[in-house]
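Side-chain atoms are counted along with the backbone in the values below, which use heavy atoms only and exclude waters and symmetry mates. All values derive from a computational prediction rather than experimental measurement. To find a chain, count down the sequence lines: A is the first, B the second, and so on, and within it residues start at 1.
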Protein chains: 2
Amino acid sequence: MKRRNTPAKQAVLNLLNTSQAALSQELIEQTLKGTMDRVTVYRVLNSFCEDGLVHKIVSDDGKSYFALCQGCQETHHHHDHFHFRCLNCQKVECLQEEVKVKIPAGYRVESMNCLLTGYCKACA
Amino acid sequence: MKRRNTPAKQAVLNLLNTSQAALSQELIEQTLKGTMDRVTVYRVLNSFCEDGLVHKIVSDDGKSYFALCQGCQETHHHHDHFHFRCLNCQKVECLQEEVKVKIPAGYRVESMNCLLTGYCKACA
DNA sequence: ATTATTAATGCAATTGAGTTGCAATAATAA
DNA sequence: TTATTATTGCAACTCAATTGCATTAATAAT
Ligand SMILES: [Mn+2]
Ligand SMILES: [Mn+2]
Ligand SMILES: [Zn+2]
Ligand SMILES: [Zn+2]
């Protein structure tokens, strides 16, 4: 299934590109309000994930957030960094800090989702 | 609001005590099937969380899992360990491995939720 | 032991994030 | 230009979790 380039994808990609923070479907929808359907946002984000263009951060607030992959190879993704969610401003961001973990013998890790929650620099 | 001791709480606590893995509401419900309502399980688990008896692990499968706190002080909790979810057997477990992260200057971390997903020893 | 207080429970209804089916639309290939 | 099929919009649906409310029962007071 080859992807097609559409206004919806461009708009969402644009938002992600110009945003420091990771974005939720909700936030994207209300920013682009009226220009596309709820479901389209979900579908665009999911296709970006499948294509390795963005990575999804599952948050403990029950939502998911999406951020552009920085310096990921098509074949060799490294999303082994922490994320941070601010309880005040609600922003979710990628931290520089890498996740360092000794994986127990015999285990195979496919993905990691590491989220710190608290108050960000601006809100602490 | 002082807590009361009830059969429901005892049953759930018992399960958590005798389980190696963290448990989801769903799993608890079907194990104790018939003895209590779905909602009661949720409420019991939430009260345990509030009381610092168990900690909640938010998983990327959309559910939450609960595990007894080990060696947590009433005042000084340390849930700074990784968790692991197996894509095959679905078990979620607490890992020994501690989360070591340099929190960016100015940030305040209130909680962390660090989950590795993949295949466990038995399923790899 | 009896009664009063209110936490805990069961049941039905609701919330909220995310998905799915399907017909209509539009990007790309022929 | 025409054909192919990915994408979209809309409505309906799924699924974990929460909420309202009347009833039950654990604990405190008498
Ligand atoms: Mn990230
Ligand atoms: Mn744990
Ligand atoms: Zn903030
Ligand atoms: Zn397993």
**OP:** Could you check how far CG of B:N46 sits from C1' of D:dT19, rounded to whole Å?
**Re:** 12 Å
**OP:** Take atom NZ of A:K2 and atom C1' of C:dA30, then tell me their distance rounded to the nearest Å.
**Re:** 11 Å
Subject >> Expected output: side-chain A:D37 to main-chain A:V39 donor-acceptor under 3.5 Å >> reply: yes
Original post:
CD of B:Q20: more than 12 outside heavy atoms within 6.0 angstrom?
Top reply: no
Original post:
To the nearest angstrom, how far is B:R3 atom CZ from D:dT27 atom P?
Top reply: 13 Å
**OP:** Starting from P on D:dA17, measure out to CG on B:L23 and report it in whole angstrom.
**Re:** 13 Å
Subject >> Mutual orientation of the aromatic rings belonging to B:H81 and B:H55 [parallel < 30°, tilted 30-60°, perpendicular > 60°] >> reply: perpendicular
Original post:
Can A:E50 and A:R3 be counted as an ion pair, charged N to O under 4.0 angstrom?
Top reply: yes
Subject >> Main-chain N/O of B:N14 paired with B:T18 side-chain donor or acceptor, under 3.5 Å >> reply: yes
Original post:
Got a second to check how far A:R108's CZ is from B:C120's SG, nearest 0.5 Å?
Top reply: 11.0 Å
Subject >> B:K9 side chain vs B:R4 backbone, donor-acceptor pair below 3.5 Å >> reply: yes
Subject >> Donor-acceptor under 3.5 Å (A:E97 side chain, B:K102 main chain) >> reply: yes
**OP:** Could you check which residues of residues 5-21 of chain B get a heavy atom under 4.0 Å from DNA chain C? Sort them by number, please.
**Re:** B:T6, B:A8, B:K9
**OP:** Would you check if the distance from the ring center of A:F66 to the ring center of A:F48 is below 6.0 Å?
**Re:** no
Subject >> Within 6.0 Å of CD in B:Q30, more than 12 heavy atoms from elsewhere >> reply: yes
Subject >> Length of the line joining A:E50:CD and D:dT7:C1', which is rounded to integer Å >> reply: 13 Å
Original post:
Rounded to whole angstrom units, what separation is found between the CZ atom of B:R43 and the P atom of C:dC11?
Top reply: 12 Å
Original post:
Any donor and acceptor pair, going by atom type alone, linking the side chain of B:N113 with main-chain N or O of B:V58 inside 3.5 Å?
Top reply: yes
Identify each atom pair where a protein N or O and an N or O of nucleotides 12-16 of chain D are less than 3.5 Å apart, giving names and distance.
residue: D:dA16; atom: O3'; partner: B:G62; partner atom: O; Å: 3.4

Original post:
Atom CD1 of A:I28 to atom P of D:dT8: distance rounded to whole Å?
Top reply: 13 Å
Subject >> Closest to side chain of B:D37, choosing from C:dC11, C:dA27, D:dA26 >> reply: C:dC11
Original post:
In whole angstrom, what separates A:D60's CG from D:dA17's P?
Top reply: 13 Å
**OP:** Enter the inter-axis angle for the ends of the helix from C:dA1-D:dT30 to C:dA30-D:dT1 (five pairs per end, rounded to 10°).
**Re:** 30°
